[in-house]
Q: 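If you scroll down you'll find the structure; I have some questions about it.
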Amino acid sequence: MAQATLTARVDEKDKINFDAFCSNVGLNTSTAINLFVKAVLRENRIPFEIAQSSDPFFSQSNLEYVKKSVQELRTEKGTAHELIEVDDE
């Protein structure tokens with residue numbers, strides 16, 4: 001079977017840590033990457049869950065704070081402020 005080279009850019013520290021991990025489990029980096037490629041092709045998917053971390057704005061405690069603040073504004077116990085727009089550069 002003909003071989004091809006796959007090149008990927010990763011953070012230098014990540015590469016060092018990945019190389020060390022591979023060595024610790026008895027693999028070299030190339031073999032580990034080949035295992036990943038074979039798993040993707042066999043399963044026709046990324047062989048692990050990929051999830052976006054949740055936005056802290058929507059945490060339970062923050063949502064409760066926002067609801068409380070809205071209720072205070074509705075009962076005229078809070079203070080409404082004008083929006084201050086800032087140009088991010």
Side-chain angles (χ1 to χ4, degrees):
M1 173 172 25
Q3 298 287 304
T5 300
L6 178 67
T7 304
R9 295 203 176 273
V10 296
D11 180 82
E12 184 177 1
K13 288 181 182 179
D14 288 344
K15 182 186 182 314
I16 291 168
N17 291 333
F18 186 69
D19 289 342
F21 169 82
C22 291
S23 179
N24 289 338
V25 297
L27 300 171
N28 63 40
T29 303
S30 182
T31 301
I33 292 170
N34 272 294
L35 286 170
F36 173 75
V37 169
K38 294 293 186 181
V40 168
L41 297 175
R42 180 180 61 251
E43 298 177 27
N44 202 29
R45 67 180 187 89
I46 301 295
F48 48 84
E49 183 178 338
I50 299 175
Q52 179 178 350
S53 59
S54 59
D55 185 337
F57 178 81
F58 295 103
S59 69
Q60 189 62 37
S61 62
N62 198 43
L63 289 175
E64 289 170 7
Y65 179 82
V66 170
K67 287 177 185 177
K68 179 181 171 231
S69 298
V70 167
Q71 185 60 34
E72 287 176 355
L73 286 172
R74 287 182 177 156
T75 59
E76 299 180 3
K77 293 180 182 175
T79 304
H81 298 276
E82 293 296 319
L83 177 63
I84 300 170
E85 294 191 33
V86 178
D87 291 330
D88 290 334
E89 292 183 29

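By convention here, the first residue in the shown sequence is residue 1.
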Q: Run Val10 and Phe18 through side-chain contact (heavy atoms from CB on, under 4.5 Å) and show every step you take.
A: CA-CA 10 Å; Val10 296; Phe18 186 69; over 6 Å; no

Q: Say you draw a straight line from CG of Asn34 to OG1 of Thr29; how long is it, rounded to the nearest 0.5 Å?
A: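 It comes to 11.0 Å.
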
Q: Mind checking what makes side chain to side chain contact (heavy atoms under 4.5 Å, CB included) contact with Asn28, not counting sequence neighbours?
A: Ser30, Thr31

Q: Which residues pass the side chain to side chain contact (heavy atoms under 4.5 Å, CB included) test with Ile50, not counting sequence neighbours?
A: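 Here the qualifying residues are Ile46, Phe48.
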
Q: Under 4.5 Å between side-chain heavy atoms, chaining through other members, with only Ile, Leu, Val, Met, Phe, Trp and Tyr counted: pull out the rest of the cluster around Tyr65, sorted by chain and number.
A: none

Q: Output the rest of the hydrophobic cluster of Met1: all Ile, Leu, Val, Met, Phe, Trp and Tyr residues reachable through side-chain heavy-atom contacts under 4.5 Å, sorted by chain and number.
A: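 None; Met1 is a cluster of one.
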
Q: Does Val25 sit in a hydrophobic cluster with other residues, and if so which ones, taking ILVMFWY side chains as linked at heavy-atom separations under 4.5 Å, directly or through other members?
A: Phe21, Leu27, Leu35

Q: Which residues satisfy the side-chain hydrogen bond (donor to acceptor under 3.5 Å, both in side chains) test with Glu12, sequence neighbours excluded?
A: none

Q: For Asn62 versus Phe57, what's the shortest heavy-atom pair and its separation?
A: ND2-O, 2.8 Å

Q: Could you pull out all residues at least two apart from Asp14 that satisfy side chain to side chain contact (heavy atoms under 4.5 Å, CB included)?
A: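 Asp14: side chain to side chain contact (heavy atoms under 4.5 Å, CB included) contacts with Asp11.
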
Q: Which residue pairs satisfy the salt bridge (Lys or Arg N to Asp or Glu O under 4.0 Å) criterion with at least one member in residues 19-31, sequence neighbours excluded?
A: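 Every pair satisfying salt bridge (Lys or Arg N to Asp or Glu O under 4.0 Å) with a residue in residues 19-31: Lys15-Asp19.
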
Q: If you look only at pairs with a residue in residues 35-50, which of them pass as a side-chain hydrogen bond (donor to acceptor under 3.5 Å, both in side chains), with sequence neighbours excluded?
A: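 Of all non-adjacent pairs touching residues 35-50, those that pass side-chain hydrogen bond (donor to acceptor under 3.5 Å, both in side chains) are Glu43-Arg45.
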
Q: Suppose we screen for side-chain hydrogen bond (donor to acceptor under 3.5 Å, both in side chains). Which residues come up paired with Gln60, at least two apart in sequence or across chains?
A: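 Result, side-chain hydrogen bond (donor to acceptor under 3.5 Å, both in side chains) vs Gln60: Glu64.
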
Q: With sequence neighbours left out, what residues match Glu72 under side chain to side chain contact (heavy atoms under 4.5 Å, CB included)?
A: Lys68, Lys77

